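Beneath this line is the structure, given in structure tokens, with notes to follow.
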Amino acid sequence: MDSYNHLDDPSIVNFRSTIIKKKKFLYKIYEEWYTIIRNNLSSNDQPVLEIGSGPGFLKQFCKNKKIITSEIMYNNKVDLIFDAAKLFPFKNNSLSAIVMTDVLHHLPNVKTFFEESIRVLIDNGKIIMIEPWCTFWSKFIYSNFHHETFDTEVKEWEFESRGPLSDANGALPWIIFKRDYLIFSKLYPQLELKTVKLLMPISYLLSGGFSYPSLIPHFFYKLIRKFENFSNVVNKKMAMFAYIEIINHKINRYE
């Protein structure tokens with residue numbers, strides 16, 4: 001677990017930012033994630049909202065895009081502080097994309113987030129995220145070696161939250177976009193699930209994440225990633241994360 005006793009202490013954001021910079025293997029993972037996100041952003045000039053920006057560096061990585069950084073907890077490194085379920089700072093049709101890394105499964109009222117996303121995104125605007133995913137391997141790891149809940153059996157998407165980081169369900173992205181995909185598509189016909197690409201069966205484990213020391217030197221990163229990408233079967237059966245891309249097709253609801 002993180003070296004902080006209180007995961008919801010706002011200072012943990014800076015603590016995790018320091019870890020990313022110090023742990024070169026973990027830093028390379030974030031570089032790869034941000035490259036995937038950057039390469040899938042639209043070429044228009046409208047702003048991109050990043051939710052849960054705290055410890056990351058997407059804004060510095062996408063200098064040719066107008067990235068608005070945000071957090072739910074106070075942090076002097078981000079542009080805005082607000083709850084992702086209430087995108088009140090933004091007008092209708094004002095954002096080209098909403099992006100997040102390891103955030104969706106922390107949202108206790110994800111349905112409100114989707115409703116708000118439909119409102120603020122332009123036609124063909126995107127929701128782009130990298131999230132935990134459920135495979136037999138990841139379920140074993142997340143259930144036994146991670147402090148967050150990973151419950152694939154819950155019926156509801158919502159959960160009670162006592163704090164933005166201490167409470168989560170790591171299985172939530174898989175529940176929404178795999179197990180309950182038909183429910184998602186009926187609730188939000190405007191939102192097209194374009195891509196679910198499974199990622200990284202072992203890379204994140206080898207990095208040690210935020211909680212443990214790296215298990216391998218950073219100069220092995222490319223070799224490990226080549227090994228992981230060698231077989232799609234391995235990714236499908238063992239991936240711990242997924243790149244998820246959703247397209248917002250506007251209807252007249254908010255016009």
Side-chain angles (χ1 to χ4, degrees), residues 1-39 50-63 67 69-73 75-78 99-106 128-133 135 137-138 140-148 150 163-166 168 170 173 197-230 234-235 238-244:
M1 186 178 292
D2 286 284
S3 297
Y4 269 63
N5 291 325
H6 302 291
L7 286 171
D8 299 314
D9 186 328
S11 60
I12 197 172
V13 173
N14 291 333
F15 173 70
R16 287 184 166 183
S17 179
T18 301
I19 290 177
I20 292 175
K21 292 174 183 177
K22 285 183 176 180
K23 299 179 69 173
K24 293 182 179 180
F25 200 101
L26 182 62
Y27 187 89
K28 288 181 177 296
I29 288 175
Y30 273 80
E31 277 191 323
E32 182 172 341
W33 287 352
Y34 289 160
T35 298
I36 295 170
I37 292 171
R38 181 183 63 191
N39 291 346
E50 183 188 23
I51 294 174
S53 309
F57 52 95
L58 178 67
K59 191 170 189 175
Q60 296 90 329
F61 205 78
C62 300
K63 293 184 178 179
I67 306 290
T69 56
S70 71
E71 262 294 344
I72 191 171
M73 300 186 291
N75 183 269
N76 59 9
K77 295 181 180 180
V78 301
V99 302
M100 61 188 84
T101 305
D102 237 4
V103 171
L104 186 80
H105 66 285
H106 286 280
I128 293 175
M129 65 187 84
I130 293 176
E131 288 288 322
W133 196 252
T135 60
W137 169 246
S138 69
F140 170 75
I141 297 297
Y142 288 131
S143 298
N144 292 282
F145 301 101
H146 199 271
H147 66 274
E148 293 174 0
F150 196 88
L165 290 181
S166 58
K197 181 180 180 181
L198 304 189
L199 302 168
M200 297 188 174
I202 60 173
S203 290
Y204 196 84
L205 285 176
L206 293 175
S207 78
F210 293 104
S211 306
Y212 303 98
S214 294
L215 300 179
I216 193 168
H218 71 277
F219 48 78
F220 284 112
Y221 182 77
K222 287 185 179 180
L223 181 63
I224 296 299
R225 291 296 294 125
K226 284 182 180 179
F227 170 76
E228 288 182 310
N229 291 328
F230 179 75
V234 172
N235 266 333
M238 297 182 64
M240 292 190 63
F241 292 92
Y243 167 79
I244 301 166

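In this text, all values refer to a predicted model and were calculated from it rather than measured experimentally. This chain uses plain numbering: 1 for the first residue, then up along the sequence.
Looking only at side-chain heavy atoms (C-beta outward), Tyr221 and Ile216 stay at 4.5 Å or farther from each other. Proximity of Leu58 to Val99: side-chain heavy atoms (C-beta onward) are separated by under 4.5 Å at one or more points. For the pair Leu104 and Ile244, the minimum side-chain heavy-atom distance is 4.5 Å or more. Between Met129 and Met100 the shortest side-chain heavy-atom distance falls below 4.5 Å. Counting heavy atoms from C-beta outward, Lys59 and Glu50 have side chains that stay 4.5 Å or more apart.
Atom CG of residue Leu205 and atom CD1 of residue Ile141 lie 5.0 Å apart, to the nearest 0.5 angstrom. Separation of atoms CD (Glu131) and CZ (Phe241) is listed at 9.0 Å; rounding is to 0.5 Å. Taking CD1 of Ile19 as the reference point, atom OG of Ser214 lies at 10.5 Å (rounded to 0.5 Å). The distance from atom CD of Glu148 to atom OH of Tyr142, rounded to the nearest 0.5 Å, is 9.0 Å. One distance of note links CD1 of Ile224 with OG of Ser207; it measures 11.5 Å at 0.5 Å rounding. Here the CZ atom belonging to Phe210 is positioned 5.5 Å from the CZ atom belonging to Arg16, to the nearest 0.5 angstrom.
Across Trp133 and Ala242, no two heavy atoms sit closer than the pair CE3-CB, 3.7 Å. Between Lys23 and Gly208 the shortest heavy-atom distance is NZ-C, 3.5 Å. Ala239 and Thr135 make their closest contact through O-OG1, 3.0 Å (heavy atoms, listed as atom of the first residue, atom of the second, distance). Nearest heavy-atom pair across Asp102 and Pro132 is OD1-CD, 3.3 Å. The heavy-atom pair separating Ala168 from His106 by the smallest distance is CB-ND1, 3.4 Å. Nearest heavy atoms, Val78 versus Gly54: CG1-N, 4.2 Å.
The ring-ring contact (aromatic ring centres under 6.0 Å, His included) check on Phe227 picks up nothing, with sequence neighbours excluded. Residues passing the salt bridge (charged side-chain N to carboxylate O under 4.0 Å, His left out) test with Arg225, sequence neighbours excluded: Glu32, Glu228. Judged as a side chain to side chain donor-acceptor pair (under 3.5 Å), and not counting sequence neighbours, Asn229 has no contacts.
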- Query: Checking side chain to side chain contact (heavy atoms under 4.5 Å, CB included) for the pair Ile37/Thr101: CA distance, chi angles, key distance, verdict?
  - Reply: CA-CA 9 Å; Ile37 292 171; Thr101 305; 3.8 Å; yes

- Message: Walk me through whether Tyr30 and Phe61 qualify under ring pair (Phe, Tyr, Trp, His ring centres under 6.0 Å).
- Response: CA-CA 10 Å; Tyr30 273 80; Phe61 205 78; over 10 Å; no

- Item | Verdict with supporting geometry, Phe57 and Glu31, side chain to side chain contact (heavy atoms under 4.5 Å, CB included) | CA-CA 9 Å; Phe57 52 95; Glu31 277 191 323; 4.1 Å; yes

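At distances below 3.5 Å, not a single donor-acceptor pair connects side-chain atoms of Ser17 with backbone N or O atoms of Val13.
Ring geometry for Tyr204 against Trp33 counts as parallel: the plane angle stays under 30°, on a 0 to 90° scale with 60° as the upper cut. The aromatic rings of Phe145 and Phe140 lie perpendicular to each other, with more than 60° between the two planes, well past the 30° mark.
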